[in-house]
Amino acid sequence: PWRGGVFCGAPRADCPISAAMAMGLPRSRPRPAHGSGGAVLRAAALLTAGAAAVTAALSAQALSFARLASAGSRLAGTGSLAERTLHGLPTRPPQSRTSLAAVEKETPLVKVSEPLNIAGQLMGLLKPIFAAQAKAQAGSYDEAAVRAEIEAEVKSAPVVLYTYGLSPFSSETKRLLDDMKADYKEIELGPEWFLLSGPAAAKRAELGNMFGRTSLPQVFIGGRSIGGLTEGTPGLAPLLASGELVPALKKAGALPDDSFFGFFLYSGDFKK
C-alpha cells in the first residue's frame, strides 16, 4: 500500500519497489516516464502552484488595503502623529476647506515646458551680447518716434506680446495664455531676431533701451513689462509659479474678475 507517496507494504520478491528497498534505494513512488502524459501533469502542477501563489499575494494585498481603509476611517482627521504614521496615513491632518488661491498657487492648471524653462534661464545669461547685437542691427533710427509707438502699443490691450514667429519661447507663451483663456494682443516683429530689419529691428533695440531686454517674447500686463517667458520682472513662468498671474490678468482685464458683473464687463476683444 501507498501512504503519502511512500510505499509501506511488506517486501515482496516479485515487487520492483521491494527490490529497490533491498538495494537501499528510496521507497518513493516512481515518477511517470518522460512521455507526454508526465509533461502535462508537471506543467499543470506548476501552473496550479503559480496561480495559488498569485491568488494568495492578491488576497494579502486586498486585506492590507482593507485594514488601511478601516484605520483611515477611524483616524481621519484625528489621532496622534505616531498613530497616523503606524497606519500609513498622512502625518498632516486634512484641512476642512482650501481656498481657491491656495489651489491655484500649489497646483496651477497650466505649466510651462520644463526644457524651455531651463533654456530660457540660460538665454538670459546672453543678455549683454543680444543687447549689443540689437543696437548694431537697428543702426540709426528716430528713437523718440519708436519710443512713442511702443508706449502706445503696450497700453492698447490688457496683455500685449512682442514675439517672433518661429521662436519656441514665443509659441510657449501664447500656448500658456491660450490655455488660461486669457485675452491678449500679439505684435510679431518677424520670424527671428537675425531676420529683422528696418522698423522691426529699431523697435527691438528700443525695447532694450526702455525695459532692459531685447530678447522676445516681451510680455506686458496692464501696460507694465513683466519680462519674457522664464525671466524678467519676474517673467511669465515665475509669475505663474507664485500664484500671482491669475490675479494680475484679472486686474488688467485679460480675464473676467470675480465680481457679479465681471463676466459681462469682460470684452475679450484683443486676442489675435
Side-chain angles (χ1 to χ4, degrees), residues 104-138 146 149-150 153-154 156-246 248-249 252 254-255 268 270-272:
E104 291 175 344
K105 181 175 180 179
E106 294 181 2
T107 56
L109 298 179
V110 292
K111 296 182 179 180
V112 179
S113 170
E114 189 60 28
L116 286 179
N117 194 8
I118 297 173
Q121 298 295 334
L122 296 177
M123 293 288 289
L125 301 177
L126 304 177
K127 186 183 298 185
I129 299 176
F130 283 125
Q133 183 275 332
K135 291 182 179 180
Q137 186 181 38
V146 175
E149 183 179 0
I150 292 175
E153 287 176 343
V154 300
S156 63
V159 177
V160 176
L161 312 177
Y162 288 95
T163 66
Y164 295 134
L166 300 179
S167 166
F169 300 99
S170 297
S171 299
E172 181 71 2
T173 299
K174 293 187 292 183
R175 182 199 65 79
L176 189 149
L177 293 173
D178 286 338
D179 288 348
M180 300 181 71
K181 311 299 182 184
D183 191 14
Y184 65 88
K185 177 181 179 180
E186 179 185 8
I187 301 175
E188 183 178 317
L189 296 187
E192 264 293 358
W193 60 270
F194 52 85
L195 297 175
L196 300 183
S197 62
K203 188 171 291 187
R204 177 189 175 219
E206 194 59 29
L207 283 170
N209 293 335
M210 296 173 66
F211 305 104
R213 62 190 316 275
T214 59
S215 58
L216 301 186
Q218 181 92 269
V219 184
F220 294 83
I221 298 180
R224 182 178 71 87
S225 172
I226 65 163
L229 173 64
T230 61
E231 43 80 32
T233 53
L236 198 65
L239 203 61
L240 173 65
S242 69
E244 300 177 14
L245 180 57
V246 170
L249 292 175
L255 286 175
F270 296 101
K271 187 178 296 185
K272 182 177 179 180

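- Atom OG of S170 and atom CG of L189 lie 9.0 Å apart (nearest 0.5 Å).
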(Q) Could you walk me through whether V159 and I221 satisfy the side chain to side chain contact (heavy atoms under 4.5 Å, CB included) test, starting with their C-alpha distance in whole Å, then the side-chain angles of each, then the deciding distance to 0.1 Å, before giving a yes or no? (A) CA-CA 5 Å; V159 177; I221 298 180; 4.2 Å; yes
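- For F169, there are no ring pair (Phe, Tyr, Trp, His ring centres under 6.0 Å) partners at least two apart in sequence or on another chain.
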Only pairs under 3.5 Å count here: list side-chain donor-acceptor contacts from residues 129-137, not counting sequence neighbours, and write none if there are none.
| unit_1 | atom_1 | unit_2 | atom_2 | d |
| --- | --- | --- | --- | --- |
| Q133 | OE1 | R204 | NH1 | 2.7 |
| Q133 | OE1 | R204 | NH2 | 3.2 |
| Q133 | NE2 | Q137 | OE1 | 3.4 |
| Q137 | OE1 | R204 | NH1 | 3.1 |
| Q137 | NE2 | W193 | O | 2.9 |
| Q137 | NE2 | L196 | O | 3.2 |

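- When all heavy atoms of S156 and K185 are compared, the pair lying nearest together is OG-NZ, 3.1 Å.
- Between A205 and A138, the shortest heavy-atom distance links the atoms CB-CB, 3.7 Å.
- Taking every heavy atom of both residues into account, E188 and Y164 meet most closely at CG-C, 4.3 Å.
- Salt-bridge annotation for R175 and E172: present, with a side-chain N of the basic residue lying under 4.0 Å from a carboxylate O of the acidic one.
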Name each donor-acceptor pair under 3.5 Å that joins a side chain in residues 227-240 to protein atoms two or more places apart or in another chain, with its distance.
| unit_1 | atom_1 | unit_2 | atom_2 | d |
| --- | --- | --- | --- | --- |
| E231 | OE2 | R213 | NH2 | 2.4 |
| T233 | OG1 | S225 | O | 3.0 |

Discussion item. Show, in sequence, the C-alpha distance, side-chain angles and deciding distance for T163 and K174, and conclude whether the side-chain hydrogen bond (donor to acceptor under 3.5 Å, both in side chains) test is met.
Written reply: CA-CA 9 Å; T163 66; K174 293 187 292 183; 5.2 Å; no
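- Of all heavy-atom pairs between L245 and M180, the closest is CD2-SD, 3.6 Å.
- Scanning all heavy atoms of the two residues, the minimum distance from T214 to G208 falls at CG2-CA, 3.6 Å.
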Show the numbers, then the answer: is there a side chain to side chain contact (heavy atoms under 4.5 Å, CB included) between T173 and Y184? CA-CA 11 Å; T173 299; Y184 65 88; over 6 Å; no
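- Residues E149 and E206 have side chains not in contact (no heavy-atom distance under 4.5 Å, counting atoms from C-beta outward).
- Side-chain contact check for I150 versus F211: some heavy-atom pair is nearer than 4.5 Å.
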